[in-house]
Amino acid sequence: MAIDPRAALDRLIAALEAHYTAVATRQDEDDPRVDDAYDVLADAFEVYDEALGTVHGEATPFYLAEEDDDEDDEDDYDDAVDVDADGVDDEDDVPLHR
């Protein structure tokens with residue numbers, strides 16, 4: 001059974017708002033509310049992207065980067081940026097990760 005893309009979008013928007021609130025009101029650097037909101041946001045994005053593809057044959061210009069617990073966030077970002085053969089970042093693909 002396909003998920004309604006509109007409902008998935010509503011869930012994604014709510015997850016974005018909840019993530020922002022968690023980040024803006026974090027108590028310390030390791031606030032578990034931020035990690036929880038991140039996970040909910042990532043899940044909501046995947047559901048929306050899949051629903052959009054299934055129902056409308058379209059995709060978003062974003063992707064979720066694989067998490068690597070052994071490297072810091074800056075290295076993860078460098079690995080996740082899509083670079084063309086000419087060495088320039090491909091602006092069509094925007095990584096979604098922290």
Side-chain angles (χ1 to χ4, degrees):
M1 178 172 128
I3 295 176
D4 174 36
R6 181 69 227 186
L9 176 60
D10 291 342
R11 179 177 172 224
L12 176 59
I13 292 168
L16 283 164
E17 291 174 350
H19 181 263
Y20 174 77
T21 298
V23 169
T25 61
R26 81 172 54 213
Q27 301 298 312
D28 58 44
E29 189 172 317
D30 295 324
D31 190 332
R33 294 176 312 123
V34 175
D35 289 335
D36 292 344
Y38 176 88
D39 293 338
V40 170
L41 177 56
D43 183 58
F45 168 73
E46 288 179 335
V47 169
Y48 172 68
D49 199 49
E50 184 176 323
L52 196 63
T54 300
V55 174
H56 298 293
E58 289 292 331
T60 64
F62 312 111
Y63 65 94
L64 294 177
E66 295 294 322
E67 285 194 37
D68 186 358
D69 294 333
D70 296 331
E71 296 182 24
D72 65 28
D73 292 339
E74 186 174 320
D75 290 340
D76 288 345
Y77 177 78
D78 291 341
D79 293 343
V81 174
D82 187 9
V83 177
D84 290 331
D86 61 1
V88 177
D89 292 351
D90 185 355
E91 294 181 9
D92 293 335
D93 292 335
V94 180
L96 290 179
H97 62 86
R98 45 180 183 159

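Just the heavy atoms: all of them, side chains too, but no hydrogens, waters or symmetry mates, feed the values below.
Looking at R11 and D43, their side chains come closer than 4.5 Å, going by heavy atoms from C-beta outward.
Taken together through direct or relayed side-chain contacts under 4.5 Å among Ile, Leu, Val, Met, Phe, Trp and Tyr, Y20 and F45 form parts of separate hydrophobic clusters. In the hydrophobic clustering of ILVMFWY residues, with side-chain heavy atoms under 4.5 Å counting as a link, L41 and L9 come out together. Hydrophobic clustering (ILVMFWY, side-chain heavy atoms < 4.5 Å, transitive): L16 and F62 are in one cluster. Under the 4.5 Å side-chain contact rule for hydrophobic residues, Y48 and L64 share a cluster.
We find that D31 and R33 are joined by a salt bridge, their nearest charged nitrogen and carboxylate oxygen being less than 4.0 Å apart.
Shortest non-hydrogen contact noted between V34 and A22 is CG2-O, 3.4 Å. Residues A18 and A37 come closest through the heavy atom pair O-CB, 4.1 Å. Closest non-hydrogen pair, I3 versus V55, comes out as O-CG2, 4.0 Å.
We find the OG1-CZ distance between T21 and R26 to be 12.5 Å, quoted to the nearest 0.5 Å.
Using cut-offs of 30° and 60° on the angle between ring planes, the pair Y38 and H19 is tilted.
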